[in-house]
Number of protein chains: 2
Amino acid sequence: MEHLPSWLLNQNAAYAGRLVSEGFSAAGARGYHYRVLTSLDTEGPTTQANLGRRTGIYPSDMVATINDLQANGYVMRSMDKTDKRRYLVTITPTGRKRAKELTKTVASIQDSLLEPLDETEREELTRLLVKLHKHHKQGIPPLPSM
Amino acid sequence: MEHLPSWLLNQNAAYAGRLVSEGFSAAGARGYHYRVLTSLDTEGPTTQANLGRRTGIYPSDMVATINDLQANGYVMRSMDKTDKRRYLVTITPTGRKRAKELTKTVASIQDSLLEPLDETEREELTRLLVKLHKHHKQGIPPLPSM
DNA sequence: CGTAAACGTTAGGCCCACTAACGTTAGGGC
DNA sequence: GCCCTAACGTTAGTGGGCCTAACGTTTACG
């Protein structure tokens, strides 16, 4: 079991998750918040559905996430005049500030996560994980109803 | 975000998890069952607490896991004469058979998981993940109350 | 123009990780 | 020998992330 890639992936992801969620929960945030904020910050405002496609978050979970972010003033919902089904989600200045905070938190976590690896190994690991992820992205269900 | 190791780890683990749990749930099992059964099969019978240490499963979850496995006849609880606090958990012949089944399931999943990588890359990925895991194992809380 | 699709939303389920508390039993210090 | 602490198994419950089902409304398409 100790050398099963799926198991290793899981154990390491669990560890990374612990680190990340420690950092996040100390800041009163969760993974979904971070994902949505950075997406809005770097890729611009869009609808909830589209946001879901960008971040891999289900529409049902997106609602709660946006609610949270909106309640904290990090994000604004405005209706799309041309399509009454949609909301347009926009990040606020406060939201941008928070996005940067969380990004910094996450970055410092990468360091402690990758601590045992030297620079070459870090790059190689990242490369392999990217390759794996790119390949499997296609096989992932296209987030139904979005 | 797309190149954050922690994020990549998570996404790939999620994908691996989907594959694994598909395979498992088709067989009516869960990850915890597999972990416990293979541990018993390869490392021999032991107490619940020790089993938890071997597999990284919390004692509270271990109870339910052993209950399930026992209900299906894969495992036996017998009391430790020398220490009335402990149960000794032993795998049954049926359990061994099931362990082998699940192992086969998992093995075939590794293949589809690692499909995009060539042999060298697979070994390198495994090596890096092992290194990461070995290093961080120490920092992981020693499974409280065990 | 009518049917199918997309949108946001509510409700719920599953698995895994993790915490808290409890009664019981064993072990170590003095 | 006794007390305090620690370990054991157990029950209960939390929370995050992933995922499905259903619904009313609105838009797009054939």
Side-chain angles (χ1 to χ4, degrees), chain A residues 6-7 9-11 13-25 28-36 46-53 55-68 70 77-89 140-146, chain B residues 6-7 9-11 13-25 28-36 46-53 55-68 70 77-89 140-146:
Chain A
S6 69
W7 184 85
L9 237 23
N10 244 299
Q11 293 298 305
Y15 181 71
R18 262 190 300 271
L19 287 180
V20 169
S21 86
E22 264 176 39
F24 279 171
S25 78
R30 283 180 296 130
Y32 281 5
H33 298 156
Y34 170 70
R35 285 202 225 167
V36 167
T46 185
T47 62
Q48 285 189 204
N50 213 17
L51 215 37
R53 281 178 219 112
T55 56
I57 296 175
Y58 279 79
S60 48
D61 293 322
M62 185 58 75
V63 176
T65 305
I66 302 291
N67 284 346
D68 290 350
Q70 190 176 240
R77 261 192 265 242
S78 54
M79 20 184 224
D80 186 332
K81 303 284 184 190
T82 77
D83 188 338
K84 291 181 191 161
R85 289 172 305 180
R86 308 183 187 189
Y87 280 129
L88 221 103
V89 183
I140 294 174
L143 288 193
S145 110
M146 296 193 49
Chain B
S6 69
W7 184 85
L9 236 26
N10 247 298
Q11 293 298 304
Y15 182 71
R18 263 191 296 273
L19 287 180
V20 169
S21 86
E22 265 175 40
F24 279 172
S25 77
R30 283 180 296 129
Y32 282 4
H33 298 155
Y34 170 70
R35 285 202 225 167
V36 168
T46 186
T47 62
Q48 287 189 202
N50 214 17
L51 215 36
R53 280 178 221 113
T55 56
I57 296 174
Y58 279 78
S60 48
D61 294 322
M62 186 58 75
V63 177
T65 305
I66 302 292
N67 284 346
D68 290 350
Q70 190 175 239
R77 263 193 262 243
S78 55
M79 21 184 223
D80 186 330
K81 303 285 184 191
T82 78
D83 188 337
K84 290 182 192 162
R85 289 173 304 179
R86 309 182 187 189
Y87 280 129
L88 222 104
V89 183
I140 294 173
L143 288 191
S145 111
M146 299 190 48

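Note that the coordinates shown come from a computational prediction; the quantities given were computed from them, not determined experimentally. A, B, ... follow the sequence lines: proteins, then strands. Residue 1 opens every chain.
Atom CG of residue Asp83(A) and atom NZ of residue Lys81(A) lie 13.0 Å apart, to the nearest 0.5 angstrom. Asn50(A) CG to Arg86(A) CZ: the interatomic distance, rounded to the nearest 0.5 Å, is 8.5 Å. Residue His33(B) holds its NE2 atom at 9.0 Å from CD1 of Ile57(B), rounded to the nearest 0.5 Å. With rounding to the nearest 0.5 angstrom, the CG atom of Asp68(B) is 5.5 Å from the CZ atom of Arg30(B).
With distances taken from any side-chain atom of Arg18(A) to the nucleotides dG17(D), dC15(C), dA17(C), the minimum falls on dA17(C). Considering only side-chain atoms of Gln48(A), the nucleotide from dG8(C), dT25(C), dA17(C) that sits closest is dG8(C). With distances taken from any side-chain atom of Arg53(B) to the nucleotides dC8(D), dA17(C), dC16(C), the minimum falls on dC8(D). Of the candidates dA17(C), dG9(D), dC19(D), the closest approach to any side-chain atom of Ala14(A) belongs to dA17(C). Comparing dT19(C), dT10(D), dG17(D) against the side chain of Pro59(B) picks out dT10(D) as the nearest. Among dG9(D), dT24(C), dC18(D), the nucleotide with an atom closest to any side-chain atom of Thr47(B) is dG9(D). Listed nucleotides dG17(D), dC16(C), dG9(D) differ in distance to Arg30(B); the shortest reach to its side chain belongs to dC16(C). Closest to the side chain of Ala49(B), from the set dA17(C), dT9(C), dG9(D), is dG9(D). Residue Ser60(B) has its side chain nearest to dC18(C) when only dC19(D), dC18(C), dA17(C) are considered. With distances taken from any side-chain atom of Lys84(A) to the nucleotides dC8(D), dT26(D), dT10(C), the minimum falls on dT26(D).
Tyr87(B) comes within 4.0 angstrom of sugar-phosphate atoms only, judged by non-hydrogen atoms across all strands, and of no base. If you check every strand for non-hydrogen atoms under 4.0 Å, Gly31(B) touches sugar and phosphate atoms only.
As rounded to whole Å, 16 Å separates atom C1' of dC15(C) from atom CG of Leu19(B). Rounding to whole angstrom units, OH of residue Tyr34(A) and P of dG16(D) are separated by 18 Å. Taking atom CE of residue Met62(B) and atom C1' of nucleotide dT11(D), one finds them 16 Å apart after rounding to whole Å. Rounded to a whole Å, the CE atom of Met79(B) is 14 Å from the C1' atom of dT24(C). Distance Arg35(B) CZ to dC16(C) C1': 8 Å, rounded to the nearest Å. Regarding Ile57(A), its CD1 atom lies at a distance of 13 Å from the P atom of dG16(D), rounded to whole Å. Atom-to-atom, NZ of Lys81(B) to C1' of dA26(C) comes out at 18 Å; the value is rounded to the nearest Å. In this structure, the CG atom of Asp80(A) is 11 Å from the C1' atom of dC7(C), given to the nearest Å.
Residue Tyr32(A) places at least one side-chain N or O closer than 4.0 Å to OP1 or OP2 of dC18(D). The phosphate of dT20(D) has OP1 or OP2 within less than 4.0 Å of a side-chain N or O from Tyr58(A). Under 4.0 angstrom from either OP1 or OP2 of dC8(D) there lies no side-chain N or O belonging to Arg77(B). At the phosphate of dG8(C), neither OP1 nor OP2 sits under 4.0 Å from any side-chain N or O atom of Arg86(A). Using a 4.0 Å cut-off, no side-chain N or O of Arg85(A) falls inside it from OP1 or OP2 of dC23(D).
For the pair Thr47(A)/Arg85(A), no side-chain contact is recorded, criterion being any heavy-atom separation below 4.5 Å from C-beta on. At least one side-chain heavy atom of Leu51(B) sits under 4.5 Å from a side-chain heavy atom of Ile66(B).
The two residues Tyr87(B) and Arg77(B) come nearest to each other via the heavy atoms CD1-CD, 3.5 Å.
For the pair Ser25(B) and Thr82(B), nearest-nucleotide mapping onto DNA chain C gives the more 5' position to Ser25(B). The residue among Asp83(A) and Phe24(A) whose nearest nucleotide of DNA chain D is located toward the 5' end is Phe24(A).
The base of dC18(C) lies close enough to the side chain of Asp61(B) for a donor and an acceptor atom to sit less than 3.5 Å apart.
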